[in-house]
K.L.:
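There's a structure below that I have some questions on.
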There are 2 protein chains.
Amino acid sequence: MSMPTEGPTAPRLKDVAELAQVSVKTVSNVVNGTTPVAEATRERVQRAIDALGYHPNLTARRLRTGRSGVIALAFPELPSPYFAELAVEVIAAARRVGITVLMDDTGGDPAAELRIASGLGDPMIDGVILSPLGLDQATLLSRSREIPLVLLGEADLGPVADRVHIDNVAGARAVTRHLIDEGYRRIAAIGWQDPSPRATAEQRLTGFRTALEGAGLTVDQALLPPVRAYFRPDGASAMRRLLKLPDRPDAVFCFNDLLALGALRAAHEAGLRVPDDIAIVGFDDVEEAEYAIPSLTTVAPDKRHIAELAVRCLMERIEKRYDGPSRLITPGFRVVVRESSTSAR
Amino acid sequence: MSMPTEGPTAPRLKDVAELAQVSVKTVSNVVNGTTPVAEATRERVQRAIDALGYHPNLTARRLRTGRSGVIALAFPELPSPYFAELAVEVIAAARRVGITVLMDDTGGDPAAELRIASGLGDPMIDGVILSPLGLDQATLLSRSREIPLVLLGEADLGPVADRVHIDNVAGARAVTRHLIDEGYRRIAAIGWQDPSPRATAEQRLTGFRTALEGAGLTVDQALLPPVRAYFRPDGASAMRRLLKLPDRPDAVFCFNDLLALGALRAAHEAGLRVPDDIAIVGFDDVEEAEYAIPSLTTVAPDKRHIAELAVRCLMERIEKRYDGPSRLITPGFRVVVRESSTSAR
DNA sequence: ACCTTGTATTCTCACGTTGTAGTCGCGGCG
DNA sequence: CGCCGCGACTACAACGTGAGAATACAAGGT
């Protein structure tokens with residue numbers, strides 16, 4: 001025997017079988033429900049399973065069947081509130097269908113994202129849910145192993161994988177229109193990226209533009225300060241640039257909530273009151289938006305629904321219940337109006 | 001054949017062996033270097049490996065060696081910024097040693113925590129890193145399977161497992177002393193729990209007390225409003241209670257940053273300026289603390305170091321490089337002074 | 001020349017699981 | 001009365017790997 005001898009080994013099918021006085025395969029049948037088992041036997045086996053605390057060895061199952069019941073979930077930036085909140089929903093949705101989730105953090109690095117999309121993170125993985133940031137279409141096509149993949153977010157990486165996203169153009173348009181309805185007229189946007197804007201930036205800018213033009217307003221290029229990334233400091237520094245303008249804006253649409261929170265801070269540092277001197281709105285509806293001072297108006301995707309759809313979609317691929325062309329799924333959103341955009345003007 | 005037929009099958013040891021005209025075990029020896037192999041043979045085998053693009057099947061290897069290469073990481077509340085930020089560091093530290101992390105969220109429920117600590121999570125798990133909340137020592141002792149376990153945080157669950165934590169008493173004392181040094185005298189603390197305070201509450205209160213007494217100040221029971229949990233709303237409601245007092249405090253030490261952020265909001269709603277009317281400090285140094293308005297003074301644990309130590313410690317147990325008594329590891333912390341506690345008084 | 005020593009390689013089995021091909025017993029039908 | 005068919009269960013093989021025991025072979029000492 002070469003195995004390391006560690007006290008009580010985890011119970012195996014064999015142990016359950018002996019206790020229940022049946023064959024190993026019968027226990028396997030009870031666990032998987034592949035073959036009908038007589039009610040009396042099933043009950044006896046189930047009692048033995050509970051008594052021993054049996055849990056299937058996924059490594060062995062994977063070796064035998066090629067499936068493990070584990071999927072990977074990768075975000076560019078896990079501590080970002082939006083991703084963390086979405087992650088919890090994905091884990092919950094997966095658990096509801098008996099699937100375990102391995103989390104990973106790519107840092108937005110294309111190489112790390114490709115690694116995940118190829119399932120090389122762990123050989124035991126059946127499928128992947130990935131929110132890409134740096135990955136481009138050509139790179140994704142070069143992945144070494146084609147495992148079922150569902151993409152989250154707005155990046156269009158071609159017809160290689162199913163994708164779940166919300167309508168960014170419509171969301172941006174809706175929240176911009178809300179600013180206009182509240183009476184703001186000189187409206188800036190924080191989140192454009194120059195050079196090489198991400199899909200998020202392009203789509204939210206399009207929505208922003210459409211809303212302004214629809215209201216007969218013009219888009220002032222000076223009111224579109226570019227940012228490097230989508231974190232608080234980026235929002236703060238963009239806001240500072242806006243506030244230095246001779247004719248500063250009276251409202252700002254930030255392309256995500258973190259940018260908005262940074263902008264909020266910069267406005268505060270400049271001695272401005274929000275929303276009386278300047279309105280600020282965001283996108284994502286992270287929990288913190290509700291507790292910001294002032295609380296933040298934002299576009300709220302239905303995170304639970306997104307997670308649910310992504311998991312369902314991936315499982316259909318893994319279980320080969322669906323094998324058609326790649327699908328694009330677009331759940332809805334709401335605009336949540338809070339203090340940061342509702343001055344009594 | 002029952003395996004799902006997916007295109008060209010990956011090359012196996014057997015294929016390499018046939019091409020190189022040696023036995024399977026010899027190839028295995030070349031790959032793993034367990035047994036010396038003659039130079040000529042090794043070269044021939046290596047050429048065959050390269051020619052076929054052979055890559056070991058980790059699933060099979062794991063089945064054989066009894067290890068899964070997966071560890072579980074469980075927090076009471078994953079979307080909490082402190083836990084999310086720590087989780088990312090653990091994932092990164094684990095990846096550096098070739099280990100995959102399975103994340104779980106216990107909600108602080110003792111039963112869920114026991115399940116995790118027993119390795120009954122879902123897949124085959126080599127070890128567990130757990131941040132317990134509700135679990136007590138007696139319950140932990142009753143775990144059904146003794147798998148390597150490293151605890152994170154201040155809860156002392158006896159000598160059953162290694163534990164990585166920072167010195168909460170010292171951290172609380174240091175940040176309280178900072179408030180005293182800044183000239184604040186009527187100092188409150190938000191985070192006590194009544195009944196059944198957690199270890200966190202007890203230790204941070206002890207540090208708080210020690211600092212006050214060391215400065216010749218007395219602890220006013222009215223300035224210790226209990227909270228239910230450690231989220232923003234708890235901090236906000238405790239703060240509102242404090243502000244209703246006839247003789248309200250001039251500074252508040254919150255036992256974590258989320259409480260402090262909630263307190264900040266309540267102070268703002270009450271029309272108070274921070275830190276001029278009242279100072280607020282926290283604990284954890286979550287990223288958000290730096291961008292709060294005003295930015296938050298807090299106690300900063302070195303999350304990367306904590307994660308590194310926890311993973312290293314666990315791997316030593318898993319690989320049986322260490323089998324001695326359970327260890328208590330206490331990395332350092334810093335007090336990060338920001339705006340919320342530095343009025344020009 | 002034969003045996004010992006040691007090194008290089010092969011043989012065989014087991015890890016825990018599931019699919020296939022059975023076996024067993026029982027009731028119904030010819 | 002015997003045979004068929006059916007449902008419930010069992011025996012066995014195999015997934016790819018790694019470890020120990022067994023074997024082959026060469027060199028050196030007697």
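Everything numeric in this text was worked out from a predicted model, so none of it was measured. A note on names: the letters A, B, ... follow the listed sequences, proteins ahead of strands, and every chain is numbered from 1.
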K.L.:
Figure out the NE2/P separation between B:His55 and D:dG16, and round it to whole Å.
P.N.:
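Rounded to whole Å, this separation is 15 Å.
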K.L.:
Tell me: CG of A:Leu63 to P of C:dC15, nearest whole Å?
P.N.:
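Distance, rounded to whole Å: 14 Å.
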K.L.:
Between B:Asn29 (CG) and C:dC11 (C1'), how many Å, whole number?
P.N.:
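Atom-to-atom, B:Asn29 to C:dC11, this comes out as 13 Å.
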K.L.:
Using the rule given for salt bridge (charged side-chain N to carboxylate O under 4.0 Å, His left out), can you reason through A:Arg327 versus A:Asp162, listing the C-alpha separation, both sets of side-chain angles and the distance that settles it, and then say yes or no?
P.N.:
CA-CA 5 Å; A:Arg327 297 165 286 185; A:Asp162 296 329; 3.1 Å; yes
K.L.:
Measure from CG on A:Asn32 to C1' on C:dG16 and round the result to the nearest Å.
P.N.:
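Value for this atom pair: 12 Å.
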K.L.:
Calculate the interatomic distance between B:Arg12 atom CZ and D:dG18 atom C1'; express it in whole Å.
P.N.:
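Answer to the nearest Å: 16 Å.
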K.L.:
Please lay out, stage by stage, how B:Asp50 and B:Arg47 fare under the test salt bridge (charged side-chain N to carboxylate O under 4.0 Å, His left out).
P.N.:
CA-CA 5 Å; B:Asp50 295 342; B:Arg47 267 201 307 275; over 6 Å; no
K.L.:
In whole Å, what is the span from the CD atom of A:Gln21 to the P atom of D:dC9?
P.N.:
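Going from A:Gln21 (CD) to D:dC9 (P), I get 14 Å.
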K.L.:
Within less than 4.0 Å of OP1 or OP2 of C:dT18, is there a side-chain N or O belonging to A:Ser28?
P.N.:
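Checking C:dT18 against A:Ser28, a side-chain N or O does come within under 4.0 Å of OP1 or OP2.
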K.L.:
Under 4.0 angstrom, heavy atoms only, what part of the nucleic acid is B:Val22 near: base, sugar-phosphate, or nothing?
P.N.:
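If one applies the 4.0 Å heavy-atom cut-off, B:Val22 turns out to touch the sugar-phosphate alone, with no base involved.
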K.L.:
Is B:Glu319 salt-bridged to B:Arg67, going by a charged N under 4.0 Å from an acidic O?
P.N.:
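The answer is no: the pair does not qualify as a salt bridge.
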K.L.:
May I ask you to verify if any side-chain N or O of A:Asn57 is less than 4.0 angstrom from the OP1 or OP2 atom of C:dC15?
P.N.:
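No, outside the criterion.
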K.L.:
Is there side-chain contact between B:Arg317 and B:Val150, with heavy atoms separated by less than 4.5 Å?
P.N.:
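Answer no - side chains too far apart.
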K.L.:
Check whether any side-chain N or O of A:Ser23 sits under 4.0 Å from OP1 or OP2 of D:dA11, and answer yes or no.
P.N.:
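A:Ser23 to D:dA11 OP1/OP2: no side-chain N or O under 4.0 Å.
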K.L.:
Among B:Leu114, B:Leu78, B:Ile116, B:Leu133, which residue meets the side chain to side chain contact (heavy atoms under 4.5 Å, CB included) test with B:Thr106?
P.N.:
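Exactly one pass, corresponding to B:Ile116.
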K.L.:
Report yes if at least one side-chain N or O of A:Arg61 is closer than 4.0 Å to OP1 or OP2 of C:dG16; otherwise report no.
P.N.:
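No, because none of the side-chain N or O atoms of A:Arg61 sits under 4.0 Å from OP1 or OP2 of C:dG16.
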K.L.:
Starting at the 5' end of DNA chain C, which residue's closest nucleotide do you reach first, A:Lys14 or A:Thr35?
P.N.:
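Closer to the 5' end of DNA chain C: A:Lys14.
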K.L.:
Please pick, from C:dT18, C:dT9, D:dC9, the nucleotide with the shortest atom-to-atom distance to any side-chain atom of B:Thr41.
P.N.:
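Closest nucleotide among those given: C:dT9.
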K.L.:
Over how many whole Å does the gap from B:Lys25 atom NZ to D:dT23 atom C1' extend?
P.N.:
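The distance from NZ of B:Lys25 to C1' of D:dT23 comes to 14 Å, rounded to the nearest Å.
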K.L.:
Between the base of C:dT18 and the side chain of A:Arg64, is there a donor-acceptor distance below 3.5 Å?
P.N.:
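Yes, the side chain and the base share a sub-3.5 Å donor-acceptor pair.
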K.L.:
Using a 4.0 Å heavy-atom cut-off across all strands, classify B:Thr34 as base, sugar-phosphate, or nothing.
P.N.:
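Sugar-phosphate contact only - B:Thr34 comes under 4.0 Å of backbone atoms but never of a base.
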K.L.:
Can you check whether B:Thr65 has a side-chain N or O nearer than 4.0 Å to OP1 or OP2 of D:dG18?
P.N.:
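No, outside the criterion.
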K.L.:
Starting from C1' on C:dT17, measure out to CD1 on A:Ile49 and report it in whole angstrom.
P.N.:
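Going from A:Ile49 (CD1) to C:dT17 (C1'), I get 14 Å.
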K.L.:
Assign B:Leu13 to base, sugar-phosphate, or nothing according to its heavy-atom contacts below 4.0 angstrom with the strands shown.
P.N.:
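Since only primed, P, OP1 and OP2 atoms lie under 4.0 Å of B:Leu13, the category is sugar-phosphate.
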